[in-house]
Structure formats: structure tokens, C-alpha cells
There are 2 protein chains.
Amino acid sequence: MTTEEPRWLSDDELAGWMAAAALLIKLPGALDAQLQSEQGLTFFEYMVLAVLSERDDRTLQMSDIAAATSSSLSRLSHVVKRLEAQGLLRRERIPGAGRRTNAVLTDAGWVKVVAAAPGHVARVRHLLVDAVAADDLAALRRISETVIERIDPGRSC
Amino acid sequence: MTTEEPRWLSDDELAGWMAAAALLIKLPGALDAQLQSEQGLTFFEYMVLAVLSERDDRTLQMSDIAAATSSSLSRLSHVVKRLEAQGLLRRERIPGAGRRTNAVLTDAGWVKVVAAAPGHVARVRHLLVDAVAADDLAALRRISETVIERIDPGRSC
DNA sequence: CGGAATAACTTGATGCATCAAGTTCTTCTC
DNA sequence: GAGAAGAACTTGATGCATCAAGTTATTCCG
């Protein structure tokens, strides 16, 4: 807690940051709205199902899903419980491995992701991937990775 | 609802998008956590106060605040009610102008923003502005503006 | 080999966001 | 100038996110 005058943002920095902040506020809602109206899914729920669907055995441990979706284990646990109640996946304790738990995509879950994916990808294309230059998308990736590393340092080694 | 095979994302596109998605999930939480622990404010609450504090008369109409913070009027209304209950701002109906309402920052609100700003700016610098190249920040601005324009077309004219 | 620390979740309470519906003025149209 | 349409919010219900605390194996250590 110093009393020195902080380094405020320059005009360019401020403009960049405000634009980014607007993106943070609006984009999640836009993605949610589309998935919600077409498939009754949250963007985050979709991510969970999608991550599972990419595995050969449609199975992944809770912690690994959390890592893959950048979420807390607590958030994931609540969501998985809801998805399980809907029959889209089921949980299985891994015997002899502490409290480790796998989530397994059910057939109904698979059908759901397959139904949701085209519309979702089309939306992501329309809003972002097809809207910006390839260079800018690469920049966005660099930026995101840098910022994420700063948020929790040493998460990827 | 076409049955054609959709255009899936290429590896580069997918990597860019996943990184961006991770950013969308983690950055808001990181900003909230800092403001919450230091000043008991949400990032969004801070934005509302900050926008008001930049006006000479510390006054702005609800709709204008909503536009400046990229939020819905509904969300803003709830937040402003909470901030008013804490004495950080007050609302004033503008007479003879329909349901138009101004929000006015109180002295307590001013003190709060002034107290919160340095820590918040430092955090934004550390996580984003100072972490990425100036070119990349410019790219982020371009990207954000493009995406926002796609989300609700013709919001800025 | 026993007790403490750790890992991997789960749960419950609280609070914020969103959506749909309701209010209350003003303005436009005939 | 009356009634309809629209603008600018407000409100209440619902649901999701977060935080702190609780569980339940497992491993480490003396």
C-alpha cells in the first residue's frame, strides 16, 4: 500500500483495455444465448461435453476436465451433477485411486454434442474466427496465453 | 437447419479459439477477485462508478451508463440499486423527460473509486497491458471492436 | 504401523446475471 | 385530443458461479 501516484493508462492503453473489457462482458452472453436457444446448453456445459466427446473412450477425470475448461473443480462438480441428472453423462469412482472420479459421456450426451456442435462452431466462426484476420487470431492466442499464465503462474509446465 | 457438413475449425483456428475461451473464463474472475478483496467491489460495479467519476458533474443517465459498460439496462438497474443502498450513488428522475433517470456519484462513491483505482489499474497493467506487446494490445482492440460489432450490429453509428 | 498431511472431489449458502413481465411517461397519428 | 405505440427503466423469479467448509481415500513420515 504505497501512496505514490500510480502509473495510469495512456489513451491507447485505455482504449485497448476498454474494448477488451467490453468483449469480456458481451461475448460469453452471445455464446450462451445461441447454445441456450438451440440446445438448452450453457457454453460451459457445452465445453464439458465437447471435451469428453473428443476422447476415444468418452471418459475423463474430473480434474482433467477442470483443467481443460479452465474452471474450478467446484464449478465443474455442480455442472456435472446437473448434466448427470439430465442423463448426458455419468460419474464413476476410480477404485483404488483416492477420490478420483471419471466422467463418461453417455449416448444421449454424444447425441447432444453432435447436435449442438455445428451451430456453435458456426457462431464462433461468425463472431470471431471468420471476422478477424488470421494474424489477429494468432495475436489473440498469444495474448490469451500470456494473460492466463499471469493469472495463475506455472499452471503449464 | 441444413444437413450439410459444417466448416469445422482448423488446428490453428481451434487453438486460437480455445485460448480465447480460456481467457473469457478466467480474466473476469481474476479482476473480480482483486477488487473484491481490496474494496468489496465487483469489476462491473467498479466500472459503473468509474464511468460516473469521469464526468464533470459525476452524473450520467442510466441508458448511457449501460452503453458505456456494455451491459443490459436490467443488469445495470439491479447493480445501481445495490450501489445506491450502499450510499455510493443516488438516482434522480429527470423531470419532463419520460422515465429518464440520472445516476449521480456521491462523495462516498467518489472516495471509493479513488481508493479502488490504483490497485485495479495496477492489476490490469500486470495481467494485460504490461504483459503483452503494444502491437498485440492494438490487435486486441481491433479484434474486440470487430467482434462486438458482430454481436450487436449497428450499435455504434 | 499409526497419525498427520494431502489430493480429489462434494455440498450448501450466498450473491449476481438474466429473462420475462410490469410501470410510467412521452410522442406520434388520425 | 384520444388512443396506440414506444422509450426508459424496474421488478421478481430462476438459475448459475463462487466461496468456505466438509468428505473420503491415500500417502508420507517418524
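Atom set for the values below is all heavy atoms of this structure, side chains included, hydrogens, waters and symmetry mates excluded.
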*In whole angstrom, give the distance that lies between atom CZ of Arg75(A) and atom P of dC9(C).*
17 Å
_Gap between atom CD1 of Ile25(B) and atom OG of Ser144(A) - 0.5 Å precision_ = 11.5 Å
*Could you tell me whether the side chain of Ser74(B) has a donor or acceptor atom within less than 3.5 Å of a complementary atom in the base of dC19(C)?*
yes
*hbond_proxy His78(B) side chain to dT10(D) base (donor-acceptor, 3.5 Å cutoff)*: no
*Hey, does Leu49(B) have a side-chain heavy atom less than 4.5 Å from the side chain of Leu41(B)?*
yes
*Figure out the CG/C1' separation between Leu31(A) and dT18(C), and round it to whole Å.*
16 Å
*Rounded to the Å, how far apart are Gln61(A) CD and dA7(C) P?*
14 Å
*What is the distance, rounded to the nearest whole Å, between atom CZ of Arg100(B) and atom P of dA7(D)?*
11 Å
*Round to the nearest Å and state the distance from Leu73(B) atom CG to dT24(C) atom C1'.*
14 Å
*Given dA8(C), dA17(C), dT24(C), the nucleotide with the shortest approach to the side chain of Ser63(A)*: dA8(C)
*How do Ser72(A) and Ala97(A) order along DNA chain D: which one's closest nucleotide is nearer the 5' end?*
Ser72(A)
*asked:* Testing the basics here: between Thr42(B) and Leu35(B), what is the closest heavy-atom pair and its distance to 0.1 Å?
replied: O-CD1, 4.1 Å
*Phe43(B) pairs by side-chain contact (heavy atoms from CB on, under 4.5 Å) with which of Gln36(B), His120(B), Arg123(B)?*
His120(B)
*Looking only at N and O atoms, is any donor in the side chain of Arg99(B) or the base of dC25(C) less than 3.5 Å from an acceptor on the other one?*
no
*How is Thr101(B) classified with respect to the nucleic acid when contacts are heavy atoms under 4.0 Å: base, sugar-phosphate, or nothing?*
sugar-phosphate
*asked:* Does Gly29(A) reach a base, just sugar-phosphate, or nothing at all? Heavy atoms under 4.0 Å.
replied: nothing
*Around Asp57(A), counting heavy atoms of other residues, nucleotides and ligands shown, do more than 12 lie under 6.0 Å from its CG?*
yes
_The side chain of Lys81(A) is closest to which nucleotide in this list: dA17(C), dT11(D), dT11(C)?_
dT11(C)
*Asp32(B) has an atom CG; how far is it from atom P of dT14(C), in whole Å?*
20 Å
*d(CD, Gln36(B); C1', dG15(C)) in whole Å*: 10 Å
*asked:* Whole angstroms only, please: what is the CZ-C1' distance between Arg93(A) and dA25(D)?
replied: 7 Å
